[in-house]
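The structure appears right after this line, and notes come after that.
Computed from a predicted model, the values in this text were never measured in an experiment. Atom set for the values below is all heavy atoms of this structure, side chains included, hydrogens, waters and symmetry mates excluded.
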Amino acid sequence: HSNAPYVMVDDTEIAKDWYDLTDGTMLLRQRGIWRSGNGITAERGGGIRIQGNYAYIFTNYALSVFDISTPTAPVKVGYLADYVNLPYTGIIGVSGNYLLASVAPDCCNGNDGWALVDISNPRSPKAVYNNGYGHKVPLGINYPYVYIWVDGSPPGFRVYDISTPASPTLVGSIASD
């Protein structure tokens, strides 16, 4: 049931446990979550987001989709492994039919980028965009917009319209002082 309250318990950023608060049942254990870098950084190598009756879980290069309509018995219904477009991926957010992810060419150099995954069919998610790398940290998604922090030259906040997900359009920006 999609209105069930869920809570995440962080165990020293090594594992995260998700519980259904209606009965205390542990739903999922997520491993391999960590943060690195200075200043604003993205979660890499994992992540979980829940939208409706689905939980989206990344572990490095692979996205697993679970149907959690019965919270005590989640069922894996979808999977996407994409070593080219989704390396060292962390989930930032889910909005509408899209999942915003942070991506990095290696595990810990801070050279982040961002990617979009089409989740309109949770049984068959598809990577639809990867902007490359260059210290572009994804902050959030509220379809049709994604919000990005650029920690480069010049640094600042960017807003992209993803109505055409294969070709996002910069629609606004604020330079950092």
Side-chain angles (χ1 to χ4, degrees), residues 2 8 30 32-67 77-177:
S2 62
M8 181 272 299
Q30 173 194 6
I33 305 306
W34 49 275
R35 296 180 188 277
S36 69
N38 299 320
I40 297 174
T41 186
E43 190 168 289
R44 288 192 281 299
I48 182 170
R49 293 296 180 271
I50 295 173
Q51 179 173 303
N53 288 326
Y54 295 98
Y56 300 90
I57 303 172
F58 261 112
T59 54
N60 291 330
Y61 302 98
L63 171 66
S64 295
V65 182
F66 290 85
D67 181 332
V77 295
Y79 183 78
L80 169 65
D82 188 330
Y83 301 98
V84 174
N85 293 306
L86 303 172
Y88 291 99
T89 303
I91 297 177
I92 301 304
V94 176
S95 181
N97 290 327
Y98 295 95
L99 180 148
L100 174 63
S102 65
V103 293
D106 61 47
C107 73
C108 48
N109 75 357
N111 190 19
D112 297 344
W114 57 281
L116 291 171
V117 177
D118 181 339
I119 55 169
S120 58
N121 178 356
R123 296 180 183 283
S124 183
K126 295 179 184 81
V128 292
Y129 179 77
N130 178 321
N131 82 314
Y133 310 105
H135 304 283
K136 302 168 194 158
V137 180
L139 302 174
I141 182 171
N142 185 13
Y143 186 81
Y145 302 106
V146 295
Y147 307 94
I148 308 297
W149 176 260
V150 177
D151 190 20
S153 180
F157 180 73
R158 310 280 192 273
V159 180
Y160 289 87
D161 183 328
I162 60 167
S163 297
T164 305
S167 181
T169 305
L170 179 66
V171 294
S173 65
I174 299 172
S176 176
D177 293 334

Heavy-atom nearest pair, Pro138 first then Gly113, reads CD-O, 3.6 Å
| task | Could you check if a side-chain atom of Val65 sits within less than 4.5 angstrom of a side-chain atom of Ile119, using non-hydrogen atoms only? | result | no
Closest heavy-atom pair, Ala127 versus Asp82, reported as atoms and distance to 0.1 Å, is CB-OD2, 3.5 Å
So CZ of Phe58 and CG of Leu80: to nearest 0.5 Å the spacing works out to 6.5 Å
What class does the angle between the rings of Tyr98 and Tyr143 fall in, given that below 30° is parallel, 30 to 60° is tilted and above 60° is perpendicular?
parallel
Shortest non-hydrogen pair, Pro165 vs Leu116, comes out as O-CD1, 3.8 Å
Test side chain to side chain contact (heavy atoms under 4.5 Å, CB included) on Asn131 and Lys136; report intermediate values, then the result. CA-CA 9 Å; Asn131 82 314; Lys136 302 168 194 158; 2.7 Å; yes
Closest non-hydrogen contact found for Leu100 with Gly140 is CD2-O, 3.2 Å
Output for pair (Ile148 CD1, Ser173 OG), nearest 0.5 Å, gives 12.5 Å
d(Ser64 OG, Ile57 CD1) to nearest 0.5 Å is 6.5 Å
In terms of heavy-atom contacts, Gly93 and Ile141 come closest through C-CG2, 3.5 Å
So Phe157 and Tyr147, would you call those rings parallel, tilted or perpendicular, with 30° and 60° as cut-offs? parallel
Correct closest heavy-atom pair for Asp67 and Tyr54 would be CA-CD2, 4.0 Å
Between Tyr160 and the options Tyr129, Trp114, Tyr145, the side chain to side chain contact (heavy atoms under 4.5 Å, CB included) test singles out Trp114
